[in-house]
Amino acid sequence: MNDLYKQQVRKELVSWFEEEKRDLPWRKTKDPYKIWVSEVMLQQTKVDTVIPYYERFISKYPSLESLASADEEELLKEWEGLGYYSRARNLQAGVKEVVEDYGSIVPSTRKEISKLKGVGPYTAGAVLSIAYSVPEHAVDGNVMRVLSRLLLIKEDIAKPKTKKVFEEAVMELIDRENPSSFNQGLMELGAVICTPTKPKCLLCPVREYCTAFFEGMQEELPVKTINKKTKIHKMKAVVIEEDGKILLEKRPSKGLLANMWQFPMVELPTATHTVEEVIEHDYRISIVKGKEIASFKHIFSHLTWEMESFEAKLTKDKGLPTNCKWFTKIEVENQPMPVPMLKIWNAWKERNLEQ
DNA sequence: CAGCCGTGGGC
DNA sequence: TGCCCAAGGCT
């Protein structure tokens with residue numbers, strides 16, 4: 001990259017971004033806290049999905065202090081449906097660190113901000129450049145795709161080691177006068193023009209500087225390996241109503257769907273045992289299975305639940321585990337539940353509470 | 001480093 | 001339908 005090339009790319013990218021950028025809620029502010037919230041929500045999540053969550057979240061937690069003192073269950077409820085729920089807990093933990101250790105001022109150096117829980121290399125660079133105009137790299141999937149094409153970088157972006165190549169490229173190319181628009185410009189370009197398939201090269205502001213376009217290779221880049229099949233888990237859940245209350249179980253604080261609530265659920269890999277038997281063993285209750293509620297497949301990033309759910313009647317209670325609790329139907333609505341549980345709950349309500 | 005961690009949408 | 005994809009971080 002010679003100096004003239006870099007200057008031209010910066011100029012075209014920044015001016016394109018400032019003229020064409022989408023009107024998004026988090027682009028109305030430079031508040032480091034709000035930028036931080038948006039960046040965490042946007043991790044592996046589409047803009048259109050994030051918008052309503054962001055609006056509700058900032059409305060409920062407008063400041064570092066308000067989030068720091070938030071109730072964790074309420075926080076998770078705000079996050080319900082967004083996925084990757086540990087993001088919410090890590091965000092709050094990071095915010096608490098800022099309030100307690102940094103006088104409620106989000107740190108403005110990579111070294112300091114990177115110490116915060118949930119703030120990795122990307123989020124650090126994004127907050128620094130967007131909120132503080134610090135010329136730091138913010139390399140995500142978009143940036144790797146755009147730069148792999150612009151600079152004809154053929155290394156496998158699935159390998160963690162490769163990210164360093166792109167971070168170094170950004171540090172060389174970045175507009176030090178306007179790192180905010182430069183970094184966002186790269187991501188915006190990746191989102192609307194330099195898309196994974198069928199990139200809109202004829203609309204691209206840096207087309208004439210793009211090596212892959214010159215070579216006609218834009219569709220072949222970036223190089224990315226990987227794809228593993230998800231393992232199937234056969235899950236059976238039961239909705240148990242007793243004296244107008246519903247039995248829920250809180251999941252462990254680590255691992256899949258941490259701290260979320262669910263209906264009592266067991267995995268039956270083989271047909272060796274019945275649902276009733278395994279429920280009795282795991283929950284120390286006896287039940288009689290009733291009508292089926294909903295059956296569906298729920299695909300996570302690395303595993304699949306083949307769900308079946310049933311109504312059930314309680315016949316004996318030998319002392320529930322401490323993570324189980326009875327809730328009124330109103331209270332059930334206020335517990336943070338993952339999407340597959342919401343599906344069951346909605347199907348159950350439709351049958352039992354309407355007319 | 002590799003595996004884990006959600007969800008919804010596009011083709 | 002099946003697979004890929006998205007503004008990643010943690011362990």
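A quick note: this is a predicted structure, and the numbers were derived from the prediction, not measured. Order of the sequence lines sets the chain letters (A, B, ...), proteins ahead of strands, with each chain counted from 1. No hydrogens, no waters, no symmetry mates; every other heavy atom, side chains included, goes into these values.
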- Query: Using a cut-off of less than 4.0 Å, is there contact between a side-chain N or O of A:Arg89 and OP1 or OP2 of C:dC10?
  - Reply: no
- Task: List in chain and number order the residues that pass salt bridge (charged side-chain N to carboxylate O under 4.0 Å, His left out) with A:Glu311, two or more places apart in sequence or in another chain; answer none if no residue qualifies.
- Result: A:Arg351
- For A:Lys250, does the NZ atom have more than 12 heavy-atom neighbours from other residues, nucleotides or ligands under 6.0 Å away? yes
- Message: Heavy-atom count check: over 12 atoms from other residues, nucleotides or ligands less than 6.0 Å from A:Lys21 NZ?
- Response: yes
Could you list the donor-acceptor pairs under 3.5 angstrom formed by side chains in residues 289-299 of chain A, with sequence neighbours left out?
| from | atom 1 | to | atom 2 | distance (Å) |
| --- | --- | --- | --- | --- |
| A:Glu292 | OE2 | A:Ser295 | OG | 2.2 |

- Starting at atom NZ of A:Lys254, determine the distance to atom C1' of C:dT11, rounded to an integer number of angstrom. 9 Å
- Task: For DNA chain B, find the residues of residues 158-180 of chain A with a heavy-atom distance under 4.0 Å and give them by number; none if there aren't any.
- Result: A:Pro160, A:Lys161
- Span that lies between the P atom of C:dG2 and that of B:dC5, in whole angstrom: 23 Å
Please tabulate, one pair per line, all N/O donor-acceptor pairs under 3.5 Å involving side-chain atoms of residues 92-101 of chain A, not counting sequence neighbours.
| from | atom 1 | to | atom 2 | distance (Å) |
| --- | --- | --- | --- | --- |
| A:Gln92 | NE2 | A:Leu67 | O | 3.0 |
| A:Gln92 | NE2 | A:Ala70 | O | 2.9 |
| A:Glu97 | OE2 | A:Lys117 | N | 3.2 |

- In whole angstrom, what separates A:Ile113's CD1 from C:dG9's P? 11 Å
- Query: For DNA chain B, which nucleotides open and close the run of contacts to chain A, 5' to 3', at under 4.0 angstrom from a non-hydrogen atom?
  - Reply: B:dC1 to B:dG8
- Query: Reckon A:Gly255 touches a base, only the sugar-phosphate, or nothing at all at heavy-atom distances under 4.0 Å?
  - Reply: sugar-phosphate
- Query: Have A:Tyr85 and A:Glu80 got a donor and an acceptor in their side chains that come within less than 3.5 Å?
  - Reply: no
- Is there a residue in residues 40-75 of chain A whose heavy atoms reach under 4.0 Å of DNA chain B, and which residues are they? A:Gln44, A:Thr45, A:Lys46
Which donor-acceptor pairs under 3.5 Å do side chains of residues 12-19 of chain A form with protein atoms, sequence neighbours excluded?
| from | atom 1 | to | atom 2 | distance (Å) |
| --- | --- | --- | --- | --- |
| A:Ser15 | OG | A:Lys11 | O | 2.8 |
| A:Ser15 | OG | A:Glu12 | O | 3.4 |
| A:Glu18 | OE2 | A:Asn178 | ND2 | 2.9 |
| A:Glu18 | OE2 | A:Ser181 | OG | 2.7 |

List every contact pair, protein side and nucleotides 2-4 of chain C side both N or O, where the distance is under 3.5 Å.
| from | atom 1 | to | atom 2 | distance (Å) |
| --- | --- | --- | --- | --- |
| C:dC4 | OP1 | A:Asn227 | ND2 | 3.0 |

- Query: Cut-off 3.5 Å, side chains only: do A:Asn183 and A:Ser129 have a donor facing an acceptor?
  - Reply: yes
- Using a cut-off of strictly less than 4.0 Å between a heavy atom of the residue and any atom of DNA chain B, enumerate the qualifying residues of residues 116-132 of chain A by number. none
- Note on the structure: Apart from A:Val223 itself, its cluster of hydrophobic side chains linked below 4.5 Å comprises A:Leu152, A:Met217, A:Leu221
- Residues which pass salt bridge (charged side-chain N to carboxylate O under 4.0 Å, His left out) with A:Glu72, listed by chain and number, not counting sequence neighbours: none
- Message: What is the separation between atom CG on A:Leu256 and atom C1' on C:dG9, rounded to the nearest whole Å?
- Response: 16 Å
Residues 235-248 of chain A side chain polar contacts: donor-acceptor under 3.5 Å, at least two apart:
| from | atom 1 | to | atom 2 | distance (Å) |
| --- | --- | --- | --- | --- |
| A:Lys236 | NZ | A:Glu308 | OE1 | 3.3 |
| A:Lys236 | NZ | A:Glu308 | OE2 | 3.3 |
| A:Glu241 | OE2 | A:Lys329 | NZ | 2.8 |

- Between A:Met337 and A:Thr197, which is nearer to the 5' end of DNA chain B once each is assigned its nearest nucleotide? A:Met337
